[in-house]
S.K.: 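Below are the structure tokens for one structure; questions will follow.
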Amino acid sequence: MTMNSYQPIEPLLRALGGDILSPPERLTVGESSEKYRRLNNKGAYVGAWLNDKVPYLVDIMAALTSRDYQAVCFATSAQSAKTEIILNWLAYTAKVDGADMLIYEKSEKDAQDFSERRVDRLHLDSPEIGDCLLPGKSSDRVFTKFYRNGSMVSFLPPTKNSLAGKPSARVALTDYDRMELDVGGDGAPFDLARGRTRTFRSFGMCYVESSPSRPITDPKWRQNRERPHEAPPCEGILGIYNRGNRQRRYWQCWECEDWFEPDDEHCEWEPTDDLVARAQSVVMRCPLCRYGIITQAQKLQRDRGGHWLIEGQKLDKQGRKSGDARQSDIASFYLLGVAAAFNDWDKMFLGKWQAEEELANTGSERALKSKTNIDYGKAYLSKSRELERSPDELMDRASDYGERVIPEHVRFIIATVDVQNHHFEVQIHGLGIEPDAESWDVWLIDRYMIKKSKRRDDDDERLAVNPGAYAEDWDLITEQVIKKSYPLADDSGRRMAMKMVGVDSGGKAGATNMAYRYHRRLRKVGLHQRLLLLKGEPKPNAPRIEVRFPDNSNRKNRHAYARGETPLLHMNSDVLKDWLNHLLDREITGGGFIHFPQWFVERKAFFFDELCLETRDEKGHWSGAGRNESWDLLYYFLALVLHLGCERVNWQQPPPFCRPWDENPLVSKRQKDNNKTEKRKSLAERGASLL
């Protein structure tokens, strides 16, 4: 009988390093990080991972290996090391306790960047982790890593296919609120990811982290005393946090020894106009005794003695927990930005105050929302939804400054036109400035419709305007808007001509093409500089305004014939509407306060209803069902104010069209005392263009 020849097993065991056959070490994710992980952030920190540097992460990392939970959620700000938990968990998987792991990033490009920038650096800086990779290039791929203990770690975008594949014991989702909330109609990424771990029962775990960026869905929400740890109602990371056991971080006061949650609302500073000096003076005061003060330098020391409390628990002065903890299979943690380890208070508050200045100056909430989400770790409630405005409140602001006259201090007037199916809606606004002032106000002058065309039916009755079908109907704008003038309120007999007219060029069938044709006709008579076509820009990051010259003459499927000669003002609708909303909330004149005439209240009450129709939806866009012409025509006006450069005007030496009446070329000249010389015709009567 012949004996078969077998290779010895010793070389195989030596190649594996014994990892696959050795029992896992009894370590938590945090303990294994201190034992095996090294950091090499030159200029910041070089050395071993120290849990003492980020004490609040310890309990979160411990929950990842707890069989009491099926998921861990961490909602917090930037600079909190929340993503480092994923790297520590990966290191634990590779070195301590092997299992397949999936890591989801926002996109394939972000997944690649995470693998190359974060994971490859982890392998390089932590040799004991890097040595866990299987030999050979095929084990160290961009989107997949293979380790000696049999673990496979993959880096994926949150697509329908990637979230519906085979099971995995460990799943992590990073920067969750920047992911799509509904993946291919199958549901939220978090719920789909949890389904990947279900096969592993209590050994499966899903970790999700993010800074909040989803809007608050209920502007009337208020903190409930019975649910003190509840986050505002939001989709995304805060929605997941609310489903969990709702743990919050608590610090102990130096003075009274009671416990409180560190919150920027407990901070105070020196009352100085110097924003930098003010930011450098920020301290946190105990909200309970009002005596204990914590400085930025003392923050880490306070957190080292801090505790996570589940909703329903409380702490005594000795740090002992009691109470009925909220039950959930999700261990959810929420840390506000002021407690984040690497978030400096002076930079936080300085950035917020600068964003608030931008809001006051431009009406844009974009920077303030970003600071609130990223630096403070809080959900943002748009200013437009903080208070629900009513038409009656706006009517109460009306004053009797005359009917269809130019109020004192108004320097020029602008008309905006909305194109409807069978009429033009026209609104006249004045921009005014008090003597020696540096900011302007808005004055509503008139509102009317152009309904009847010059075309007639068989009974010689004038037909309704049809802007999408008849080019000649647009010429009514020349006669009834561009060449229109209004008397001054000083009873001098002088009139003010129109500085500019803005017309919405899109929306109605055929209207866009007619708008371009109308502008070309105005060019032939020298009136084209008095009219600007307008178009809303849906892209959220677009400039507030931008002039473009569309040219689609080479396209066969064009709907409007544009030849690159007609300027078109693109408007970031959401940003400009934010600004308008901010101005409508102003309670004192100056800085863009909007004045309404009393006769609007008496005869055009619909105007105020239209100003209160739109609100910001859950995606951050302004929307509403019903008539909103007043709202649209006002934000068109703001776009034209920006286009004319009024934000940059030196009101002590303004351009001609912004000067007082006696020096303003838009105002017709006063008659001479002897009345022998005819009054000079106004610009409106002459139809001349203004430079």
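Numbering of residues begins at 1 and proceeds along the displayed sequence.
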S.K.: Any side-chain donor paired with an acceptor under 3.5 Å for Tyr516 and Glu565?
M.R.: no
S.K.: Is a side-chain donor or acceptor of Thr362 paired with a backbone partner of Glu358 at a separation under 3.5 angstrom?
M.R.: yes
S.K.: Within the distance-only criterion (no hydrogens, no angle test), does the side chain of Asn664 pair as donor or acceptor with the backbone N or O of Arg411 below 3.5 angstrom?
M.R.: yes
S.K.: Looking at OG of Ser630 and CG of Leu613, how far apart are the two atoms once the value is rounded to the nearest 0.5 Å?
M.R.: 10.0 Å
S.K.: Say you draw a straight line from CG of Leu534 to CG of Asp418; how long is it, rounded to the nearest 0.5 Å?
M.R.: 10.0 Å
S.K.: Please state whether the rings of Trp622 and Trp631 are parallel, tilted or perpendicular, taking 30° and 60° as the class boundaries.
M.R.: tilted
S.K.: Can Thr478 and Tyr518 be counted as having a side-chain donor-acceptor contact under 3.5 angstrom?
M.R.: yes
S.K.: Can a donor-acceptor pair be found, under 3.5 Å and without considering hydrogens, that links the side chain of His429 to the backbone of Ile414?
M.R.: yes
S.K.: Counting N and O atoms only, with roles assigned by atom type, does the side chain of Thr512 sit under 3.5 Å from a partner on the main chain of Ser505, one being a donor and the other an acceptor?
M.R.: yes
S.K.: Less than 4.0 Å between a side-chain N and a carboxylate O, is that true for Arg521 and Asp475?
M.R.: yes
S.K.: Flag the pair Glu587 and Arg397 as a salt bridge only when some basic side-chain nitrogen lies within less than 4.0 angstrom of an acidic carboxylate oxygen.
M.R.: no
S.K.: Is any NZ, NE, NH1 or NH2 atom of the basic residue among Glu403 and Arg603 found under 4.0 Å from an Asp or Glu carboxylate oxygen of the other?
M.R.: yes
S.K.: Salt bridge or not between Lys535 and Glu537? Use side-chain N to carboxylate O under 4.0 Å.
M.R.: no
S.K.: Considering all heavy atoms of both residues, which atom of His423 and which atom of Pro467 are nearest to each other, and what is their separation?
M.R.: O-CG, 4.3 Å
S.K.: Ignoring hydrogens, what is the shortest heavy-atom contact between Ala605 and Val601? Give both atom names and the distance.
M.R.: CB-O, 4.0 Å
S.K.: Can you check whether Tyr636's main-chain N or O pairs, donor with acceptor, with Thr416's side chain at less than 3.5 Å?
M.R.: no
S.K.: Tell me whether the guanidinium CZ or amine NZ of Arg455 lies under 6.0 angstrom from the six-membered ring centre of Tyr470 and within 45° of its axis.
M.R.: yes
S.K.: Between the main-chain N or O of Ala542 and the side-chain N or O of Asn572, is there a donor-acceptor pair closer than 3.5 Å?
M.R.: yes
S.K.: Looking only at the side chains, is there a donor atom on one of Glu472 and Ser453 sitting less than 3.5 Å from an acceptor on the other?
M.R.: no
S.K.: Are any of the side-chain nitrogens in Arg214 or Glu235 under 4.0 Å away from the carboxylate oxygens of its partner?
M.R.: no
S.K.: Tell me the salt bridge (Lys or Arg N to Asp or Glu O under 4.0 Å) pairs involving residues 630-652, sequence neighbours left out?
M.R.: Arg544-Glu647, Lys577-Asp632
S.K.: Between Arg456 and Glu461, is there a salt bridge with N-O shorter than 4.0 Å?
M.R.: no
S.K.: First locate atom CG of Asp574, then atom OH of Tyr635, and finally report the distance between them rounded to the nearest 0.5 Å.
M.R.: 8.5 Å
S.K.: Could you give me the CA-CA distance, side-chain angles and deciding distance for Arg278 and Glu268, then say whether salt bridge (charged side-chain N to carboxylate O under 4.0 Å, His left out) is met?
M.R.: CA-CA 9 Å; Arg278 190 196 306 173; Glu268 55 188 46; over 6 Å; no
S.K.: At their closest point, which heavy atom of Trp474 faces which heavy atom of Ala515, and how far apart are they?
M.R.: CH2-CB, 3.7 Å
S.K.: Between Arg494 and Ser492, does any side-chain donor sit less than 3.5 Å from a side-chain acceptor?
M.R.: yes
S.K.: What's the shortest heavy-atom distance between Val503 and Ile477, and which atoms?
M.R.: CG2-CD1, 4.5 Å
S.K.: Between Phe657 and Phe412, how do the two ring planes meet: parallel, tilted or perpendicular, split at 30° and 60°?
M.R.: perpendicular
S.K.: Could you go through the side chain to side chain donor-acceptor pair (under 3.5 Å) check for Glu610 and Asn628 one step at a time?
M.R.: CA-CA 4 Å; Glu610 292 173 0; Asn628 66 341; over 6 Å; no
S.K.: Please check: side-chain N/O of Asn361 versus main-chain N/O of Glu357, any donor-acceptor pairing under 3.5 Å?
M.R.: yes
S.K.: Verify whether the ring centers belonging to Phe606 and Phe600 lie closer than 6.0 Å.
M.R.: no
S.K.: Would you say the side chains of His595 and Asp441 form a donor-acceptor pair under 3.5 Å?
M.R.: yes
S.K.: Give a yes or no on whether a salt bridge exists between Glu629 and Arg627, defined as a side-chain N under 4.0 angstrom from a carboxylate O.
M.R.: yes
S.K.: My understanding is that only residues two or more places apart in sequence, or in another chain, count here; which of them pass side chain to side chain contact (heavy atoms under 4.5 Å, CB included) with Arg178?
M.R.: Lys106, Asp175, Ser210, Ser211, Ser213, Ile374
S.K.: Would you find a donor on one side and an acceptor on the other, under 3.5 Å apart, between the side chain of Arg659 and the backbone of Pro654?
M.R.: yes
S.K.: Is the shortest side-chain N to carboxylate O distance from Lys451 to Glu425 below 4.0 Å?
M.R.: no
S.K.: Cationic tip of Lys352 within the cone over Tyr376's six-membered ring, i.e. under 6.0 Å and within 45° of the normal?
M.R.: yes
S.K.: Given the rule in the side chain to side chain donor-acceptor pair (under 3.5 Å) test, do Ser399 and Gln598 qualify, once you have shown the distances and angles that lead to the verdict?
M.R.: CA-CA 5 Å; Ser399 59; Gln598 183 62 37; over 6 Å; no
S.K.: Trp443 side chain to Tyr401 main-chain N or O, any donor-acceptor pair under 3.5 Å?
M.R.: no
S.K.: Can you name the closest pair of heavy atoms from Ala497 and Ser485 and give their distance?
M.R.: CA-CB, 4.1 Å
S.K.: Any donor-acceptor pair under 3.5 Å linking the side chain of Ser77 with the backbone of Gly377?
M.R.: no
S.K.: Do Lys604's NZ or CZ and the ring of Phe596 fall within the cation-pi criteria of under 6.0 Å and 45°?
M.R.: no
S.K.: Would Asp264 and Lys378 pass as an ion pair if we require N to O under 4.0 Å?
M.R.: yes
S.K.: Could you give the distance from CG (Leu568) to CG (Leu532), rounded to the nearest 0.5 Å?
M.R.: 7.5 Å
S.K.: In terms of ring plane angle, is the pair Phe349 and Trp269 parallel, tilted or perpendicular, where the classes change at 30° and 60°?
M.R.: tilted
S.K.: At their closest point, which heavy atom of Leu666 faces which heavy atom of Met498, and how far apart are they?
M.R.: CD2-O, 4.0 Å
